[in-house]
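These notes are about the structure you will find just below.
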Amino acid sequence: MAMGPHRLQAISRSAEQAESRAGNPLGWRSALRQALHERSLLGLVAGTVLLGASLTPSLTPRPPELMGVLAGICLAMGYLAGIAVRAAYSFLGFALPQVRGGLTRLIVTACAGFAAAFFWLSIDWQNQLRTLFDLPPLGRGSVFVVVAVAIATFGLLFLIGVGCRALYRITSAWFDKRVPRRVAIVLGVAVSGLVVWALLSGVLFRFGLRLFDSSFREVDALVEPDVIAPGDPFQTGSPASLIEWDSLGRMGRQYISTGPTTADIEAVAVGADARPVRVYAGLNSAETATDRARLALAELKRVGGFDRSVLVIVAPTGTGWVDPNAIDTLEFLQGGDVASVAVQYSYLASWLSLTVEPDYGVESAKALFREVYAYWTQLPRDSRPRLYLFGLSLGALSSEQSMDLFDVIEDPIQGALWAGPPFPSPLWNSATTNREPGTPVWLPRFKDSSIVRFTSQRNNLNRAGDRWGPIRIVYLQYGSDPITFFRPDSFYRRPEWLTDPRAPDVLSSLRWVPGVTFMQTAVDLMTAAVTPTGTGHVYAAEHYLDGWVAVTDAPGWSEPAITKLRETVAEKYADPGS
C-alpha cells in the first residue's frame, strides 16, 4: 500500500528523533536537505499579501531596483511568519489542516496571479507619486526589473533562512539527547538565534560599516580640480590660515570655496556692506572634537568673525556637508554681514550616521557651541554679533542638543533654524507631541508660537496676532520627508502623518499596513535626499529664506524687497532643467 508524502515526512521525523536519541547527531548535510525541502503554504499566502502591500507607494518615489528589494524582503517576512505560526502550532500540540492536491495548486495559482497584478499596478502607483513630485514617469518595462530583483532578494533571504533552520535542527537535536523534547526545541531556537544575531551584528554589520566608512573616507579625500585653495588670508585654508586646506575634507573645501561673492550680494541685497566669513574645521584638522572646536574658534577670531552682525554656529550633516541653499540665502538676507563656523564629525551619510553614531555628532556640536558661546559671552553685549544655530538633517539633531537652555538662560542666544529634524530629535519631538489640538503633525502649532514655530513649503511663520519671545526657533520640515516622519512604532501603529488633513506632498491614497509601512519608510530614508528640491529631504532656498527672515527679523527689508529676494534665490538655486 503506497504512503503519501506527509506520512513519509512523519516517519522521517520519527527516525531523526530516534537517531538523535541513540547518540547520532543530525549532520549539516541532512539538516540542510530537510530545511531546503520544507514548504509553507501559509507562509506563501502571508508573504504574497505583504509583497503586494509593499508595492504600494509611500512618502518618496522609489527606483525599480529598490521596489524589488523591498518586495523581496516583505515576501520573505510573510513566509517566515507562516513558518513561525506552523511551528508554534506544532509546539503546542495542535495540528494544522492539511491542504493537498488541487486546492494547493489553486492557492499557489491565486498567489501568483495576485503578485503579478500588484507588480503590474506598482508602476502606476509609483507614477502617481512621481507626478506629485514633478518627476518623469517610469516606463512599463520597469516592472521586469522589479520582478527580477524581488525574486533574487527573496531567493537570497530564503537560502539564509534555510541555513538558520538547519542550525536550529542541529542544536535542538543535540539538546534532544539531554533534556525533554520541548525544552530542547526552546533551547535550539535560543542558541541558533543568538548565533545568527552575533554573526549579523558582530561580523556583517561591522564589515558593512567599515566598507561604508572606507568608501566615504575616500570620497571625502577627493580634491576636485576646479576647487582651488584660497589665496585671501582671511579665508580658511589659505596660507595664513590656522587650518590646512587639505585637512578640510571634500565638503569643507566646497563650503569654503563657494557661496555668493560681494558682487553677487550687492546686486540683490539691501545695504550690502560686508564680505561673508566662513570657517570650517575638517575631521582631520585636529585629533578630538574639542581640539577641532578650539581650532575653529581660533580661526574664527583670526578672520574677524566676531566683528560681523550675525554669527551662526552650523552643525553639518553626517558627511560634513553644509547646505548652500541655507547659508547662501542668509548671506544675501544680511547683506554679507554674516560669519558662520562649522566642524565636521563624520564621513558617513546622515541616515547611516543616524543609525550607528548619532551621539558623535552631538559631541562635536556641544564642543563647538561650548567654545564659541564661552567667548561670545565675554564680549560687550552692545557690540557683539547676534548668535544663531543652524542644522540640517542629523545636523539639526546635533544642533538642538548642543546647548542646555538652563545654561544659556541668563545670556541667551537669539535663535535657531533647524531643517529636516530627524525623528529622534528630543526638542522637536516634545514640541510636536505637545502641539495645539487640531493642528497636524506635519505643521504643528506649539503653545502661543512665541518660542517655537513650524513651517513647510508654504510659509506659516507670520500668522496674525503671533508675537516672538527672546529666542526664536524655527523648524522647516516637509510632510514627505521620511528622515523627519519615520516612526519605529509604525510597525504596529498607524503614524499620525496619515491622518487627515495630510501634507500637500503626501498622497491621499496612502494606507497603513502593519510591518509594511515601517519597511517602506525605512527604505525611504535612503531615497529622501535624491528627491526634487522642495520635497522629501531636499530643502529649497526660498523656504530657508522664509525661516531666516523670521529668525533674524531681517532688519531693513520691506515686504516687496523680501518677495523679490525670494524669487531671486528660488530661480538661482532651482533644480537644473526645472
Side-chain angles (χ1 to χ4, degrees), residues 268-271 308-315 323-338 340 385-393 395-396 399-400 403 405 408 412-421 425 427-428 430-432 435-436 439-440 442-479 481 484 503 534 539-570 573:
V268 298
V270 175
R308 297 294 184 265
S309 297
V310 171
L311 172 59
V312 183
I313 301 176
V314 178
D323 191 350
N325 286 6
I327 302 303
D328 291 10
T329 51
L330 175 63
E331 292 171 346
F332 279 120
L333 182 66
Q334 296 296 328
D337 195 13
V338 178
S340 57
R386 289 171 288 149
L387 183 58
Y388 299 93
L389 303 182
F390 169 74
L392 163 66
S393 190
S399 182
E400 74 166 36
M403 68 170 181
L405 287 175
V408 303
I413 67 170
Q414 278 61 60
L417 174 59
W418 291 318
S425 305
L427 184 58
W428 173 85
S430 177
T432 301
R435 67 188 183 275
E436 290 297 301
T439 59
W442 51 272
L443 195 60
R445 178 179 172 84
F446 179 67
K447 297 187 181 299
D448 63 354
S449 295
S450 62
I451 301 295
V452 178
R453 296 183 189 178
F454 293 80
T455 191
S456 188
Q457 287 96 336
R458 182 177 179 180
N459 191 356
N460 190 56
L461 298 171
N462 300 310
R463 296 177 53 162
D466 286 348
R467 64 170 185 84
W468 278 111
I471 300 178
R472 303 183 178 194
I473 297 174
V474 167
Y475 282 105
L476 171 61
Q477 58 191 36
Y478 297 154
D481 186 351
T484 298
Y539 287 85
E542 60 269 29
H543 303 149
Y544 277 123
L545 179 64
D546 293 334
W548 285 124
V549 168
V551 169
T552 65
D553 200 26
W557 286 83
S558 65
E559 188 56 39
I562 290 291
T563 300
K564 182 178 179 181
L565 179 59
R566 184 183 294 110
E567 294 170 352
T568 299
V569 298
Y573 295 96

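Side chains are part of it too, since the values below use all heavy atoms of this structure and drop only hydrogens, waters and symmetry mates.
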I471 and P412 have their tightest heavy-atom pair at CD1-CB, 3.7 Å
The side-chain contact (heavy atoms from CB on, under 4.5 Å) partner of R386 among I413, T552, L311, V551 is T552
### Query
Taking it one step at a time, do T568 and F332 satisfy side chain to side chain contact (heavy atoms under 4.5 Å, CB included)?
CA-CA 10 Å; T568 299; F332 279 120; over 6 Å; no
Hits for ring pair (Phe, Tyr, Trp, His ring centres under 6.0 Å) against W418, two or more places apart or cross-chain, chain-then-number order -> Y475
query: Do M403 and L405 come within less than 4.5 Å of each other through their side chains, counting heavy atoms only?
result: yes
For Q414, the side chain to side chain donor-acceptor pair (under 3.5 Å) test, sequence neighbours excluded, returns none
Contacts of T439 meeting side chain to side chain contact (heavy atoms under 4.5 Å, CB included) (sequence neighbours excluded), chain-then-number -> R435, E436, P444, R445
Of all heavy-atom pairs linking T484 and G420, the shortest is OG1-C, 3.4 Å
When every non-hydrogen atom of A419 is compared with those of Y544, the smallest separation belongs to CB-CE2, 3.7 Å
Interatomic distance, OG@S399 vs CG@L427, rounded to 0.5 Å, equals 10.5 Å
Across all chains, not counting sequence neighbours, the side chain to side chain donor-acceptor pair (under 3.5 Å) partners of S309 are D337
Rounding to 0.5 Å, atoms CD (E400) and CG (L389) come to a distance of 10.5 Å
Would you say that L333 contacts I562 through its side chain, given a criterion of any heavy-atom pair below 4.5 Å between the two side chains? yes
Sorted by chain and number, sequence neighbours left out, side chain to side chain contact (heavy atoms under 4.5 Å, CB included) with N459 holds for T455, L461, N462, D546, R566
Find out whether T329 and E542 are in side-chain contact, i.e. whether some heavy atom of one side chain is under 4.5 Å from a heavy atom of the other. no
Worksheet item: Given W548 and V310, is the side chain to side chain contact (heavy atoms under 4.5 Å, CB included) satisfied, shown in steps?
Response: CA-CA 11 Å; W548 285 124; V310 171; over 6 Å; no
Closest non-hydrogen atoms of W442 and G479, given as atom of the first, atom of the second and distance, are CB-CA, 4.2 Å
S456 meets the side chain to side chain contact (heavy atoms under 4.5 Å, CB included) criterion, sequence neighbours left out, with L443, Y478
To the nearest 0.5 Å, atom CH2 of W428 lies from atom CZ of F446 at 13.5 Å
In short, salt bridge (Lys or Arg N to Asp or Glu O under 4.0 Å) pairs touching residues 552-562 with sequence neighbours left out are R472-D553
For D328, the side chain to side chain donor-acceptor pair (under 3.5 Å) test, sequence neighbours excluded, returns R278, Y573
Here the pair of heavy atoms bringing Y539 nearest to L392 is CD1-CD1, 3.8 Å
Sequence neighbours excluded, the answer for side chain to side chain donor-acceptor pair (under 3.5 Å) partners of S425 is none
Scanning both residues in full, the closest heavy-atom pair of P470 with I451 reads CD-CD1, 4.3 Å
Contacts of R463 meeting salt bridge (Lys or Arg N to Asp or Glu O under 4.0 Å) (sequence neighbours excluded), chain-then-number -> none
